[in-house]
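Reviewing the structure listed below.
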Amino acid sequence: MVKLIVPISLIFLGILSDCYIFHRYINFQSVWRWIWWLPMALIAGFVFYFLFFGKGVGQEYNTVNAFLLLIGLVCIPKVLFALFSLIPKVGTWIGMLTALGVVWIILWGISFGFAKLKVRHIVYESPFVPEAFDGYRIVQFSDAHIGTFRGLYHRLLQEGIDTINALKPDLVCFVGDIENFSPSELEPHANALSSLKATDGVLSIMGNHDYSTYVKQSARERMAAVAKTRQLQRSFGWNLLENGHCVIYRGNTVGAGKLCRDSIIVVGEENWGKPPFPQLGDLHKALNGLPLHGKRIRNEAEAPIFSVMLSHDPTAWREHILPFYHPDITLSGHTHGTQFSLFGWSPASMVYEEWGGEYYDVDKDVELPQRQRRLLSVSTGFGGNFPFRFNMPREVVLITLKHKN
């Protein structure tokens with residue numbers, strides 16, 4: 001019910017705006033003036049359908065998106081026009097320009113805006129990067145929301161995967177939200193997702209959408225859906241980390257089976273976020289068996305081991321991860337940057353302290369001069385629940401490790 005508050009509020013304000021605009025501006029005497037009410041009547045028809053015949057958002061994705069698009073193209077422009085028109089003398093013109101601007105933003109966002117994909121580059125230098133991993137290339141991507149890549153958007157998924165493969169990564173890390181509502185969304189794209197390649201493979205974790213919590217179903221059905229999501233990721237050849245870790249070796253240590261200077265660790269936890277999002281991340285379990293001394297993993301010679309943490313929600317970095325464990329790099333997603341930015345400002349900044357890009361925190365547990373900044377990279381997403389982006393293009397992140405003496 002909480003999720004309905006925004007569209008219901010917009011519809012109510014849209015109706016009030018319709019009444020105001022009709023009585024103030026549409027005063028000619030003609031049967032054609034009643035056409036003004038058709039868009040709102042169509043929205044009312046959608047609401048009636050959802051209330052009495054709807055099967056749920058998971059099964060009627062296209063219908064729900066059409067409804068949301070109609071609200072964006074009808075209700076929001078009318079409400080803004082009505083508000084600005086109250087300004088004396090110039091209000092009508094300002095309101096008209098604002099309404100047209102909103103329509104243009106929405107139409108751009110669902111076409112060219114969503115189609116754009118950028119590669120963000122990060123070079124991470126640290127004395128803790130093993131010399132054998134100097135130049136190691138990690139591709140991070142998140143929030144694929146595969147169910148959105150249908151119809152006209154179907155080709156964008158393969159184009160994005162081709163972009164990742166062209167970067168020739170040593171490791172690909174997917175940090176959660178592979179689906180919108182159901183694992184059934186993934187099956188038509190199995191070949192594309194299986195074509196993702198890297199020298200050391202693809203590692204993945206679960207995001208809040210991957211637990212089938214956004215559709216009405218029994219506990220048994222939900223457990224089966226989550227199990228299917230996990231199974232499908234493994235069928236793509238991905239290594240799904242479920243509060244676990246893996247060690248990547250280089251040089252003479254390949255196959256050695258122990259931590260040493262030519263190895264790095266990747267830790268992946270289940271989703272952990274502030275309520276109402278699931279808090280299933282378990283660092284104790286994820287780090288089980290690793291020599292954690294203080295807040296860093298160290299080898300037998302007490303030398304720090306370079307580690308990468310995969311955690312879907314960036315709020316986990318400060319509140320859940322750093323109090324217990326100090327990874328050199330943490331990779332997150334979740335925010336999408338709200339898929340919108342205007343003059344460099346995104347609404348995501350009002351909700352999240354770290355919402356997109358690079359963030360650093362000094363590792364004070366390490367003695368100078370080797371004190372090193374820890375990196376949090378928050379991806380603004382590879383897809384989205386709704387196929388719209390404005391000044392917030394879909395992205396993949398290429399992180400190149402550099403050994404620093």
Side-chain angles (χ1 to χ4, degrees), residues 1-114 148 151-152 214 336 338-343 345-348 350-351 384-392:
M1 185 65 188
V2 174
K3 297 174 185 176
L4 295 176
I5 291 178
V6 173
I8 289 175
S9 300
L10 286 173
I11 292 171
F12 176 72
L13 291 174
I15 293 173
L16 292 180
S17 301
D18 260 351
C19 294
Y20 166 75
I21 296 170
F22 184 82
H23 287 288
R24 179 172 177 179
Y25 295 97
I26 306 177
N27 50 16
F28 54 87
Q29 296 298 320
S30 171
V31 68
W32 294 105
R33 66 177 183 158
W34 298 107
I35 293 176
W36 173 256
W37 297 99
L38 284 180
M40 195 58 68
L42 184 58
I43 290 176
F46 270 108
V47 173
F48 181 82
Y49 171 78
F50 291 137
L51 287 176
F52 298 100
F53 304 101
K55 299 177 182 178
V57 65
Q59 296 179 316
E60 297 183 298
Y61 177 78
N62 289 332
T63 305
V64 172
N65 278 352
F67 172 63
L68 294 176
L69 179 61
L70 193 59
I71 289 178
L73 291 175
V74 174
C75 293
I76 296 177
K78 286 181 177 180
V79 170
L80 291 175
F81 174 83
L83 289 173
F84 282 110
S85 69
L86 298 176
I87 300 174
K89 297 182 179 180
V90 297
T92 298
W93 291 106
I94 295 176
M96 188 177 298
L97 290 174
T98 303
L100 290 174
V102 169
V103 171
W104 178 79
I105 286 174
I106 292 174
L107 294 178
W108 176 275
I110 64 174
S111 54
F112 300 103
F114 191 75
T148 304
L152 296 174
Y214 294 92
H336 299 210
T338 57
Q339 299 176 210
F340 177 85
S341 173
L342 191 61
F343 305 117
W345 175 83
S346 169
M350 302 173 64
V351 181
N385 252 351
F386 184 80
F388 165 88
R389 283 180 177 266
F390 186 81
N391 285 342
M392 191 63 66

| task | Only counting residues at least two apart or in another chain, list the ones meeting side chain to side chain contact (heavy atoms under 4.5 Å, CB included) with L38. | result | I35
| query | Would the number of heavy atoms belonging to other residues, nucleotides or ligands and lying under 6.0 Å from CH2 of W36 be above 12? | reply | yes
Name every donor-acceptor pair, under 3.5 Å, that has one atom in a side chain of residues 97-109 and the other anywhere in the protein, sequence neighbours excluded.
unit_1	atom_1	unit_2	atom_2	d
T98	OG1	I94	O	2.8

| message | Going by side chain to side chain contact (heavy atoms under 4.5 Å, CB included), name the residues that satisfy it together with T63, two or more places apart in sequence or in a different chain. | response | F46, Y49, F50, E60
| Those residues that, when tested against F343, pass ring pair (Phe, Tyr, Trp, His ring centres under 6.0 Å) (two or more places apart) | none
Donor-acceptor pairs under 3.5 angstrom involving side-chain atoms of residues 72-90: please list them, not counting sequence neighbours.
unit_1	atom_1	unit_2	atom_2	d
K78	NZ	D18	OD1	2.7
K78	NZ	D18	OD2	3.3
S85	OG	Y20	OH	3.0
S85	OG	F81	O	3.3
S85	OG	A82	O	2.7

| query | Between atom CE of M392 and atom CD of Q339, what is the distance when rounded to the nearest 0.5 Å? | reply | 9.5 Å
| task | Please lay out, stage by stage, how V47 and F67 fare under the test side chain to side chain contact (heavy atoms under 4.5 Å, CB included). | result | CA-CA 9 Å; V47 173; F67 172 63; 4.0 Å; yes
| From CG (N65) to CG (L70), nearest 0.5 Å | 12.5 Å
| F114 versus F388, closest heavy-atom pair with distance | CD1-N, 3.5 Å
| note | Residue set satisfying ring pair (Phe, Tyr, Trp, His ring centres under 6.0 Å) with F340, at least two apart, ordered chain then number -> F390
| said: Per the salt bridge (Lys or Arg N to Asp or Glu O under 4.0 Å) rule, what does the pair list look like for residues 94-105, sequence neighbours excluded? | reply: none
| remark: Here the gap from L16 atom CG to I21 atom CD1, rounded to the nearest 0.5 Å, amounts to 11.0 Å
| Rounded to the nearest 0.5 Å, how far apart are CG of L342 and CG of N391? | 7.0 Å
| note | Between H336 and R389, the two heavy atoms sitting closest are O-NH1, 3.7 Å
| note | Residue set satisfying side-chain hydrogen bond (donor to acceptor under 3.5 Å, both in side chains) with W345, at least two apart, ordered chain then number -> S349
| All side-chain hydrogen bond (donor to acceptor under 3.5 Å, both in side chains) counterparts of S111, not counting sequence neighbours | none
| said: Could you work out, with side-chain hydrogen bond (donor to acceptor under 3.5 Å, both in side chains) as the rule, every residue matching T148, not counting sequence neighbours? | reply: Y61, N180
| said: Does F12, at its CZ atom, have more than 12 non-hydrogen atoms belonging to other residues, nucleotides or ligands within less than 6.0 Å? | reply: no
| task | Check side-chain hydrogen bond (donor to acceptor under 3.5 Å, both in side chains) between S346 and all other residues, then give those that pass, not counting sequence neighbours. | result | T338
| Which distance, rounded to the nearest 0.5 Å, do you find between the SG of C19 and the CE of M40? | 9.0 Å
